[in-house]
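Below is one structure; the comments refer to it alone.
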Amino acid sequence: MEFDTLLSARALMGLSLVFHTFFTPLGIGLPLLLFMAEGMALWKKDERYRQLARAWTPAVGLLFAVGAVSGTVLSFELGLLWPRFMEYAGGIIGMPFSLEGFAFFTEAIFLAVYIYGWNRMSAFAHWLVTIPIVISSAVSAVFVISANAWMNVPEGFRVVDGQVVDVNPWDAMFNAAWLHQAIHGTLASYVVTGFAVAAAYAWLTWRKKPVAHPRLALQLAMVVAAVSIPLQIVAGDFAAKRVAELQPVKFAAMEGQYETQRGAPLRIGGIPVDGETRFAIEIPKMLSWLGYGDLDAEVMGLNDVPPEDRPNELLTHLSFQVMVGAGFALLFIAGWYWAAWWRRRGVAPGWMPGRALSAALVASGFLAFAALQTGWFVTEFGRQPWVVYGYLRTADGVTEREGILGFFILFTLLYIVISVALVVALVKWPHGPRRAARLPGAAGKEAEGVA
Amino acid sequence: MSPELAAAGVALVAVMMYAVFGGADFGGGAWSLLASGPRKAEQRLALEKAIGPVWETNHVWLILLVVTLFVVFPAAYAVIFEALYVPLFLALVGIVARGAAFAFRHYGNRESRLARQSLQWFSWASVLTPFTFGLVIGAVTGGHIEVEGTTVLSGAFAGWLRPFALMCGLIGLLICAFLAASFMVARTEGELREDFRRRAIAASLALGAATTAAIPVAAWDADAFASHLDDARVVGAMGVTALLGLAGLWALRTRRYRLAPPLAAATVAGVVGAWGLAQEPYLLANALTYEAAAAERITVVSFLVALPIGALILIPSLWLLYWTFSRDTLRGEEVAH
């Protein structure tokens, strides 16, 4: 019975997190695109950029709204599903959560001013409004990720006779894992947004849908994508080194490393089951070098960890492989796009990607989300069976209430309905300049200009 | 005043703000469901336009409340959410359905089938959520949830399916209806305004009746609450609230349109305030005091230090938002599109 509740609670929490993290990266990344588009409109005195921002605004509102309600779900589910965990951790790690609350509040306010301010403020003021949105959304990501980092590397308290004492909420917030997780997690939002927007425009133009200024939109999106993806890969390397140091068990599961060994090989692909990682391409000594900067460094293996303290190595390793593979594929696609653009610059002013590149760009949207979700899988599966690493097991944090499976089914259905509705709403979106007639007012009027 | 008491006060203010702003928002959905008469469509459109720019912000107060609970009173957060998981899950279903449906209707293509279906989801969820929150408030106050330490002993249905909790659910709904109609009186004109004025008067009478009836119901079913009725502060707060309510009714009767919304908001804040005073020193009646539920002192103090810094950013921003959209929303051009 206990197992049922634990499994249902994990499934419901996982489902809610996956659903939520489809929207959050866009809530962080799209404001940056709005900032860039409106900034370009002012700088280049080119109204087409403002029309782009105008066309994106309702989609931003919709995605942000669904992200906000799915975030409310998480704030409830922490108590509904994991009351023992929150009782243990709330007072230690609540600080970044409450600061995140403020940042999110600020984002919601300025986003409302932005969305409804098209008719009410000057073009310059409207551009200024994007700045607090960009900042507060990134800051709120950093705060909430720092809470997750604490679960991986708990600091800022002591346990004496089973009681939490000597709490220091600031030490807990700035734990050893917060920096690499915050950088890697926040950059991921820009990667996802860049490629997702590029994918949307590549698909729309490929299918010959009427879209306003697809070339400009694609370029803005690919600027964000091409700047963020190499940074993200560097940040990922930094994160892996920190994990190797701070959470060697997670590192071993990520890499499918069973035996503790010096000069451990890097495994690309492969299936770790029954104490062996089969079918992997092995690059000798590379793992020791990547993890510790030394070809002969010792890498701890899973066999040195008691079975009850090990994460599921299959899920962790495969998720990690998908994330890394998708990351490099994205780097390649970004390079391909800009190389193709470079060859035709000046020669073909109205250049749009051809079929093969369009297909790759469409795929990049899916790859970016796959990398984001599997990246979270690595963090979360890799920490199991602990909810607070080394202190509180997930099984000890769960609710004692029954019937969680029923709520899991209910929310699954609800999320399916919302996802279908969302796809319908976005697919049937009026992409063209059809609504231009409804744009009186200062910033709106200018956006109307060329259309 | 101890830091714990101050933090409990912050939580109470968050409940008040959520009741006033979120309540008006839910009420908009409820009146959308109850739209009737020759101006049915206009009523719905006016409600939607009034909610549009502020609905997201209105609901952040809930997040602020939840966050305050789990930062400063983690034991209370854990116990209350574990004990009342059924109504809270139901409220959550309502919140998700409502938020998503509103977004689809508001940002999507208005003439689509999706938009029409969304309106139904939105309206029903607007009734479900405040009612279940009322049940939770009633259960937290009623004193029927048994706890030992931080372990919940009573069953999944304890506390929230009792007369007093159901009464609180009804009051929750009426608060929303009263607020939304009173706010709309100041935001509309002509016949439409009369529609909302009649609705506001009806809701204020019903709310007055329900809050009055709640007292004998509490005496019968909720000792924990009723035992506070000899506390002069609680009785005083209730008296002030009653006077505010009557003033609101007078403003509506005499068509003082600009006075109606602030008086309605003050009345609702008074109802929540009186409830909060009657809770002291408990967060969960007869089970968990705010002192017993509090996190370590340093966490409480850090939270209280962070609060004014956050407020320094939030208050001007909120002012900008409401200032930008409180004027001429309904005479203005098409919003959101």
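The sequence lines fix the lettering, A, B, ..., with proteins before strands; numbering per chain opens at 1.
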- Message: Check the orientation of A/F105 and B/W61. Use parallel for under 30°, tilted for 30 to 60°, and perpendicular for over 60°.
- Response: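 A/F105 vs B/W61 ring planes: perpendicular.
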
Under 4.5 Å heavy-atom distance to chain A, tell me which part of [X] shows up: side chain, backbone, both or neither.
X: B/V67; value: side chain
X: B/V300; value: neither
X: B/A83; value: both

In the structure I gave you, are the side-chain heavy atoms of [X] and [Y] within less than 4.5 Å of one another anywhere?
X: B/V93; Y: A/F411; result: yes
X: A/V73; Y: B/I95; result: no
X: B/I313; Y: A/F102; result: no
X: A/P169; Y: B/I298; result: yes

So, [X] side chain and [Y] main chain: donor-acceptor pair closer than 3.5 Å or not?
X: A/R401; Y: B/Y85; value: no
X: A/S75; Y: B/I63; value: no
X: B/Y77; Y: A/E87; value: no
X: B/E82; Y: A/E400; value: yes

- Message: Counting only non-hydrogen atoms closer than 4.5 Å, does A/W170 touch chain B with its backbone (N, CA, C, O), its side chain (CB onward), both, or neither?
- Response: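 The side chain, not the backbone.
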
- Query: Taking every heavy-atom pair that is under 4.5 Å apart, which of B/L84, B/L88, B/T150 has the most such pairs with chain A?
  - Reply: B/T150

- Task: Return the option, out of B/A76, B/A295, B/A78, with the maximum number of heavy-atom pairs under 4.5 Å with chain A.
- Result: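 The residue among B/A76, B/A295, B/A78 with the greatest pair count is B/A78.
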
